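Here the structure is laid out as structure tokens; the discussion comes afterwards.
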Amino acid sequence: MSTKTKKFEDELKDLETIVSQIDSGELTLEESISAFERGVMLVKALNGKLDEVERKVELLTRSAGGELRTAPFEPSSDDEHPAGAKDDDETPF
């Protein structure tokens with residue numbers, strides 16, 4: 001395996017593959033447990049990447065005088081938990 005960090009999208013595809021394998025019912029119990037453990041590690045890594053990106057996001061705004069300035073991104077309370085979304089502590093499987 002490369003020492004280079006995988007892209008978010010690649011890790012998400014890996015997670016989708018793991019979920020499909022588990023859902024197929026073709027894995028043994030041991031293989032399912034191992035796949036589940038890999039999936040949990042991927043979920044944690046993906047959540048970490050999302051948290052890091054969220055901290056970096058800044059909104060570009062214009063002051064009343066017309067000058068541009070940056071401000072930290074602060075999601076509205078509606079954006080934090082969209083309908084049907086689970087808390088980060090819940091396992092997605």
Side-chain angles (χ1 to χ4, degrees):
M1 183 184 275
S2 162
T3 58
K4 188 176 181 181
T5 303
K6 281 184 141 181
K7 287 184 179 180
F8 180 88
E9 294 81 5
D10 292 337
E11 287 186 337
L12 187 58
K13 284 181 185 178
D14 290 347
L15 180 60
E16 290 170 349
T17 300
I18 289 170
V19 171
S20 294
Q21 289 173 340
I22 293 172
D23 284 345
S24 75
E26 296 177 7
L27 299 177
T28 65
L29 179 60
E30 292 79 17
E31 291 169 334
S32 294
I33 291 170
S34 177
F36 179 80
E37 289 172 344
R38 285 192 319 271
V40 169
M41 289 185 341
L42 277 171
V43 167
K44 288 180 181 181
L46 290 167
N47 280 333
K49 286 181 179 183
L50 287 175
D51 290 341
E52 181 180 332
V53 168
E54 185 176 348
R55 288 190 299 268
K56 291 180 180 179
V57 173
E58 291 184 330
L59 297 176
L60 190 59
T61 59
R62 234 177 246 284
S63 70
E67 73 182 61
L68 294 176
R69 63 179 182 199
T70 59
F73 174 73
E74 295 181 18
S76 68
S77 59
D78 293 339
D79 293 340
E80 288 183 29
H81 297 288
K86 295 182 178 182
D87 290 340
D88 287 344
D89 294 339
E90 293 184 33
T91 305
F93 300 106

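Quantities reported herein were computed from a predicted structural model and do not represent experimental measurements.
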Apply the test side-chain contact (heavy atoms from CB on, under 4.5 Å) to residues Phe8 and Leu50: give CA-CA distance (whole Å), side-chain angles for both, the deciding distance (0.1 Å), then the verdict. CA-CA 9 Å; Phe8 180 88; Leu50 287 175; 3.7 Å; yes

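The hydrophobic cluster containing Ile33 also includes Leu29, under a criterion of side-chain heavy atoms closer than 4.5 Å among ILVMFWY residues, counted directly or through chains of members.
For Thr17, the side-chain hydrogen bond (donor to acceptor under 3.5 Å, both in side chains) criterion is met by no residue, not counting sequence neighbours. Among residues two or more places apart in sequence or in another chain, the side chain to side chain contact (heavy atoms under 4.5 Å, CB included) test is passed with Leu27 by Gln21, Ile22, Glu31, Ser32, Ala35. Legend: residues meeting salt bridge (charged side-chain N to carboxylate O under 4.0 Å, His left out) with Lys49, ordered by chain and number and at least two apart, are Glu11.
Salt-bridge annotation for Asp14 and Arg38: absent, with no side-chain N of the basic residue lying under 4.0 Å from a carboxylate O of the acidic one.
The residue from Asn47, Ile18, Val19 that alone fulfils the side chain to side chain contact (heavy atoms under 4.5 Å, CB included) condition with Leu42 is Ile18.
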